[in-house]
Participant: 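After the structure tokens below, expect a handful of questions from me.
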Amino acid sequence: MYRYDAIDRALVDARVAEFRDQVARRLSGALDEDHFKPLRLKNGLYLQLHAYMLRVAIPYGTLSSRQLRMLAHVARRYDRGYGHFTTRQNIQYNWIRLEEAPDLLADLASVEMHAMQTSGNCIRNISADQYAGAAADEVADPRPWAELLRQWSTLHPEFSYLPRKFKIALTGSAADRAAIRFHDIGLQLVRGPDGALGFRVFVGGGMGRTPFVAPLIRDFLPAGAFLSYMEAILRVYNRFGRRDNIYKARIKILVHDLGAEEFARAVEAEHAHLRTLGIDAPEAEVERIAAFFADPPFETGLADAVEDGGDPAFAAWLARQVEPHRVPGYRIVNVSLKPAGGIPGDASAEQMEAVADLAERFSFDEVRVTHAQNLVLPHVRAADLRAVYEGLAAVGLAAANLGLASDVIACPGLDYCTLANARSIPVAMAVADRLRPREAELGELKIKVSGCINACGHHHAGHIGILGVDRKGTENYQLLLGGSGAEDASIAQILGPGFTADGVVDAVAKVTEVYLRERRSGERFLDTFRRIGAQPFKEAVYG
Amino acid sequence: MGEAAVAEAAVAKAVAEAAVAETAAVAAAVAEAGPRLLDGGILALDPRARAGAPELVIAPGEDVRAHGGLGNLAVIGVAFPRFRDGRGYSSARILRESGFAGDVRAVGDVTLDQLLFLKRAGFSSVAPERPIDPAAAAVALARFPAFYQGGADGSVPAFALRHGTGSGRGPAGRNGTGHDGAAG
Amino acid sequence: MRLLTGNVSRTGEVVWWAGDRWSPDVADAVGLEPAEGEALLAREAVAEKVNDLALVEAEPGPDGRPRPRHIRERIRAFGPTVRPDLGRPGRDWR
Ligand code: SF4
């Protein structure tokens, strides 16, 4: 994992001191709310329905045990004993008091964490593949590049007042676990023909009111020109992105309006200029950062077999939650934060501490957060899987549902969020409850729920998406089908008129029945939908 | 983290600490020298600031590159009708990248909280709608001991502090640490 | 009938105008006529102790006390519906 040096530490400490001063000025009345609001937002502090909400950055979803324990401490000391992991691999606390926020940020800084740029029209926390450094299918580790981006984007002199927020995601594998094509910039590490490392660069993806799958704008960007190219994209966006209409201000609209080719031409022209200005980190810096992500001391010659000991629950968990690791004798363990009756993505302080302990004992001290609101222990010895399973079961985190119907993504919705039109969490829980008995039979089925058009619950990228809307003052839900946030990215389409909360749960059950009836051997829900189209589903739901 | 990484981190840390100390000294010197008020409520951020009205004011949507022969001007204004409109930051940096060495002035809705970004983007003065206290400005500008990016105010990127590369100049300094090919 | 509500700047806590003070309990809220509400809102906005001030539509509840008409405000009054353990005792969002 990356560790702060004196520069990193000094920056974060100075930021805490600055915010402490701003909060003091606000509480004394020297600063009014109008002027204070943008300052607190720059430190991730929102005012939500019930209280202040703090969004803490988890850079590229990577945590040490010590950091996860601190997140548990924050939950207990400053909140009501829990936190919510988000679709951008961050964590949110729902019950923060403004007067305590500076102390909270100082506590976070003590474990090299912060809440900078988790809100506002700037470059947000960088997200990445949660299997980075562990995936059997990885071309190269995205974390050093993500850290380079984290540093480059923090307090950037030119890009701190962008037209709108800006999100970047990276993956080092062809399989996309980070939804890169739904980001403002999506980056895929690849090897060029001569074996050199570079990036495929996608720009202009996004969800919200006008969803787009990002087009490819550069097929191979040499790694050495990485930062100057990012700078070129951001400069073109900062100069030419729309500022007259908040709904048209994201880079996806600029890319769409110009066309991907014209946009790429503008970026290339700017890059030809910028790359001569010393913006790219020297190789020594890339190597310095990469050294932090060197392999942990993996053992060699380990037995690779896993025995389930005839325990069906453990066997089901092994089959569902455990993925191959690139080192023989190791596995990647997915920890479901979608237990039956649980709130998707929520974890109590006790659960966070239990996972931190397991990471320390069995996963070289590492934990990852996924955009699907689950956790990952990336480096577990095959021989330790039973112990990890039992440790998770002891805190109610041994659900075996990764990628299944009850592994629902849900944004906070109207239970917490001031922008919401409708509640997401109860609908997500009801859908999970309804489908759980048949979820093994249904196979991979990604259900995603948002409480408003902002799409924090990624409903456009759901095989089944649910969008909460306000219909004459009451909660109403639209059903969308056919989206994917993976390497076969696509945008889900609205099926027809909306439903009540109960009605949308029934409708979801009906579309899964159509799938079971129509599927061919080996087809996922998404494949069947793509083959037969929306009509049979429409007939089943509205007929 | 492996042993090699620990050793490397220790070296980097030592370098960084020395660099931070050096940067702090620079910041202290800057804090002593300015910011200072010129006539008409203009706040000078660095020695390139000049008194007097701008000879040209670039609007947010205007392409600063479309203007030729700016080298002879003493003061170029960049308009900020609303502080949230950040196009002026790009205009200022482009001016500095093109070698413009006169005063680049932010004009309009700019407040204390933007000063640091403005200065690092290459602005040498501001003409704010509401006056900014030079003492408060000095504190705001000296708050951070270092930055990750080079600034058009001559501040160096963190990687240069860490590795002692470059001459201590940001993008305007054309220190040429860019490289191609495989890295990491 | 309307209720005046907001969140305390210092803590973020949800509060309701109770005639002579702010109360965290919607049961204390007093129904306001439009002109009265606007005047109060303007006064409290200047005072700056409470953020995100809003006048919300209300109707008499089962107990005769005013209650917010929109589910959003009822959730603000009660707490997250998915965590009744954290909700305000004796209140219902339904
Ligand atoms: S999608 Fe809407 S309701 Fe859900 S968290 Fe985002 S803004 Fe809030």
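Given the structure is predicted, the values throughout are model-derived calculations rather than measurements. Worth knowing before you read on, the calculation uses all heavy atoms, side chains too, and leaves out hydrogens, waters and symmetry mates. To find a chain, count down the sequence lines: A is the first, B the second, and so on, and within it residues start at 1.
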Participant: May I ask you to list the residues in residues 63-76 of chain B that approach chain A closer than 4.5 angstrom, counting heavy atoms only, ordered by number?
Facilitator: D63(B), V64(B), R65(B)
Participant: Considering only NZ, NE, NH1 and NH2 on the basic side and carboxylate oxygens on the acidic side, decide whether E97(B) and R235(A) come within less than 4.0 Å.
Facilitator: yes
Participant: Under 3.5 Å, side-chain donor or acceptor atoms of residues 127-136 of chain B against the rest of the protein: list the pairs with distances, not counting sequence neighbours.
Facilitator:
residue : atom : partner : partner atom : Å
D133(B) : OD1  : A135(B) : N            : 3.2
D133(B) : OD2  : A136(B) : N            : 3.4

Participant: Based on non-hydrogen pairs under 4.5 Å, which of Q151(A), H156(A), R239(A), E18(A) is most in contact with chain B?
Facilitator: Q151(A)
Participant: If you round to the nearest 0.5 Å, how far is OH of Y60(A) from CG of D141(A)?
Facilitator: 9.5 Å
Participant: Ring centres of F147(B) and F117(B) under 6.0 Å apart?
Facilitator: no
Participant: Salt bridge or not for R26(A) and E33(A), using N-O below 4.0 Å?
Facilitator: yes
Participant: Are F199(A) and W145(A) near enough that their ring centres are under 6.0 Å apart?
Facilitator: yes
Participant: Need one label for Y2(A): side chain, backbone, both or neither, based on atoms under 4.5 Å from any heavy atom in chain B.
Facilitator: side chain
Participant: Given a strict heavy-atom distance threshold of 4.5 Å, which part of T154(A) is in contact with chain B: side chain, backbone, both, or neither?
Facilitator: both
Participant: Quick one: what part of E270(A) sits under 4.5 Å from any heavy atom of chain B, side chain, backbone, both or neither?
Facilitator: side chain
Participant: Relative to chain B, which segment of D21(A) carries a heavy atom at a distance below 4.5 Å: side chain, backbone, both, or neither?
Facilitator: side chain
Participant: What part of L274(A) is in contact with chain B, defined as an atom under 4.5 angstrom from a non-hydrogen atom: side chain, backbone, both or neither?
Facilitator: side chain
Participant: Could you walk me through whether E268(A) and R265(A) pass the salt bridge (Lys or Arg N to Asp or Glu O under 4.0 Å) test, one step at a time?
Facilitator: CA-CA 5 Å; E268(A) 293 296 334; R265(A) 254 196 301 282; over 6 Å; no
Participant: Give a yes or no on whether a salt bridge exists between R275(A) and D280(A), defined as a side-chain N under 4.0 angstrom from a carboxylate O.
Facilitator: no
Participant: For D8(A), run the salt bridge (Lys or Arg N to Asp or Glu O under 4.0 Å) check against R150(A), R15(A), R3(A) and tell me which one passes.
Facilitator: R150(A)
Participant: Does any heavy atom of chain B fall under 4.5 Å from the side chain of N238(A), the backbone, both, or neither of them?
Facilitator: both
